[in-house]
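Notes follow the structure.
On a predicted model such as this, the values are computed, not experimentally measured, just so you know. For this chain, numbers begin at 1 and follow the sequence in order.
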Amino acid sequence: MREREDRAPDRASGARLALVLRRWWEEAGSASGGARPTQQALAARLGIDQTTLSRYLNPKHPLNAPPRVVEALHAQLRAPAAELEPARALCRAALEESSRQRPAGGRTATGLVEQPGTTSGASAPTGADATVRAGRYGAWGRLRSRRLLPALVASAVVLSFAAGIAVHALLAPGHGVPADGAPGAFRVSESPYEWPLLRMRKEDQYTRARALQHLLNAYGYTVRTDGFFGEETRDAVMDFQRNRHLVSDGKVGPDTWPELVRTVGPGSSGHMVLAVQELLDNVGQGGTVVSGRFSAVTADDLRFFQRTHHLPVTGRADPDTWLALLVRQRPPASAPAYQRSTGMPPSASA
């Protein structure tokens with residue numbers, strides 16, 4: 001295994017990290033003569049599901065393990081002390097490589113959207129090439145410019161008018177991002193995602209429905225957090241919608257989600273934090289403790305999610321982060337453990 005690690009300097013850092021982590025697991029117990037833990041037992045100790053752990057240890061189809069999971073694996077498997085810092089470095093490199101990858105929709109690493117037929121970073125022609133092009137297209141370019149000038153002026157007037165309307169809308173009362181913990185509708189900025197639609201169904205709707213139920217509890221409703229969108233949840237949604245002057249149809253979509261979510265960060269607690277932690281715990285980056293208290297570990301998990309999904313790294317659940325968390329939810333690999341209601345921790349306030 002060490003030879004494979006040494007022979008593959010050009011492999012992606014995520015794959016090299018997976019090789020290291022897998023070797024730690026395969027060699028666990030050999031030095032002390034003890035038994036190597038099964039992946040199922042190891043995943044339980046780390047607070048993550050076995051499928052996620054298997055991907056952390058699979059160099060062919062790796063999932064980047066977050067720093068805290070790397071450190072926990074090092075401690076649980078009693079790996080050599082000298083190998084912890086190189087593993088951390090591989091973890092950081094894998095995270096940077098993931099953040100440099102271009103997200104779907106044509107966005108570049110700078111956040112700009114490339115236009116069809118263009119190449120990101122292409123420079124203007126210079127020297128002899130510029131002279132030839134100027135001679136070939138210069139006259140036509142000047143003629144076209146004269147014809148386009150009135151149209152450009154008209155376009156500028158229209159754009160200025162539209163910009164004025166947009167600024168007025170942003171400054172109007174009740175719009176924009178509310179202060180930390182203050183209720184109000186979020187206006188998500190140019191997100192590639194769309195708010196998911198939840199409605200009453202008999203089947204388990206996994207963590208999204210549980211997050212919704214926690215959010216409703218944060219507003220004073222008493223709803224079981226069992227992941228099932230039944231009549232109890234629907235009635236609470238309809239009452240919430242009526243109080244917010246929304247269409248009271250019991251469906252949670254692009255009009256209702258922004259009214260439900262609030263900004264939470266370090267120092268926050270209660271059902272709103274439970275909802276964030278439930279969502280973080282089910283995005284495939286490792287286990288997040290669902291405690292109802294926004295701890296430093298929760299902030300680290302949130303920053304890791306924001307970095308890997310090309311969001312501003314704030315460590316706070318802002319509107320773009322809520323939306324991305326809801327969209328990126330994964331179904332459980334087996335029967336959901338949360339079919340028993342978690343309820344509200346006694347020490348967490350609503």
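- In this structure, the side chains of S54 and Q39 come closer than 4.5 Å at one or more pairs of heavy atoms.
- Inter-residue side-chain proximity for Q285 and D301 is flagged as met; some heavy-atom pair is nearer than 4.5 Å.
- Contacts of D255 classified as salt bridge (Lys or Arg N to Asp or Glu O under 4.0 Å), with partners at least two apart in sequence or in another chain: none.
- With a 4.5 Å cut-off on side-chain heavy atoms, L302 and F294 count as touching.
- Under the side-chain contact (heavy atoms from CB on, under 4.5 Å) criterion, T314 pairs with Q306, P312, R316, D318, sequence neighbours left out.
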Salt bridge (Lys or Arg N to Asp or Glu O under 4.0 Å) for E83 and R88? Distances and angles first, verdict last. CA-CA 9 Å; E83 294 188 12; R88 284 173 173 161; over 6 Å; no
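- Residues N64 and T308 fail the side-chain proximity criterion, which asks for heavy atoms closer than 4.5 Å.
- Atom CZ of residue F240 and atom CG of residue L260 lie 4.0 Å apart, to the nearest 0.5 angstrom.
- Classification of R36 and E27 as a salt-bridged pair fails, no side-chain N sitting under 4.0 Å from a carboxylate O.
- Among all heavy-atom pairs drawn from S13 and A94, the shortest one is CB-N, 3.6 Å.
- Within the 4.5 Å cutoff, the side chain of Y193 has no heavy atoms near those of the D320 side chain.
- Side-chain atoms of Q241 come within 3.5 Å of backbone atoms of K251 as a donor-acceptor pair (strictly under, hydrogens ignored).
- A65 and L21 make their closest contact through CB-CD1, 4.0 Å (heavy atoms, listed as atom of the first residue, atom of the second, distance).
- In terms of modelled atom types and a separation under 3.5 Å, the side chain of Q277 and the main chain of R293 share a donor-acceptor contact.
- Cation-pi contact between R68 and F304: absent, since separation from the ring centre below 6.0 Å together with deviation from the ring axis within 45° is not met.
- What you find for L274 and S291 is that their closest heavy atoms are CD2-C, 3.8 Å.
- Between L57 and R55, every side-chain heavy-atom pair lies at or beyond the 4.5 Å cut-off.
- Residues L279 and Q329 meet the side-chain proximity criterion, which asks for heavy atoms closer than 4.5 Å.
- Applying the salt bridge (Lys or Arg N to Asp or Glu O under 4.0 Å) rule to R92 yields the partners E85; only residues at least two apart in sequence or on another chain are considered.
- No donor-acceptor distance shorter than 3.5 angstrom exists from the side chain of W25 to the backbone of L77, with no hydrogens or angles considered.
- In terms of heavy atoms, A211 sits closest to A275 at O-CB, 3.7 Å.
- Within the 3.5 Å criterion, the main-chain N or O of V327 finds a donor-acceptor partner in the side chain of R208.
- Looking at Q76 and R45, their side chains do bring a donor and an acceptor atom within 3.5 Å of each other.
- Applying the ring-ring contact (aromatic ring centres under 6.0 Å, His included) test to every pair with at least one member in residues 74-95, sequence neighbours left out, gives these pairs: W24-H74.
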I'd like to know whether D281 forms a side-chain hydrogen bond (donor to acceptor under 3.5 Å, both in side chains) with T288, so could you lay out the CA-CA distance, the side-chain angles of the two residues, the decisive distance to 0.1 Å, and finally the verdict. CA-CA 5 Å; D281 192 45; T288 293; 4.9 Å; no
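- To the nearest 0.5 Å, atoms OG1 (T225) and CG (L212) are separated by 11.0 Å.
- The two residues P66 and Y56 have their closest heavy-atom pair at CD-OH, 3.4 Å.
- Looking only at side-chain heavy atoms (C-beta outward), V297 and V289 stay at 4.5 Å or farther from each other.
- T207 contributes no side-chain N or O that, together with a main-chain N or O of N282, makes up a donor-acceptor pair within less than 3.5 Å.
- P67 approaches C91 most closely through the heavy-atom pair N-SG, 3.5 Å.
- Residues satisfying the salt bridge (Lys or Arg N to Asp or Glu O under 4.0 Å) test with D249, not counting sequence neighbours, are none.
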When the side chains of residues 227-236 are checked against the rest of the protein, which donor-acceptor pairs come out under 3.5 Å, sequence neighbours left out?
from, atom 1, to, atom 2, distance (Å)
E232, OE1, R224, N, 3.1
E232, OE1, R224, NE, 3.2
T233, OG1, Q213, NE2, 3.2

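- Ring orientation note: the planes of W195 and W257 are close to parallel, at an angle under 30° on the 30°/60° scale.
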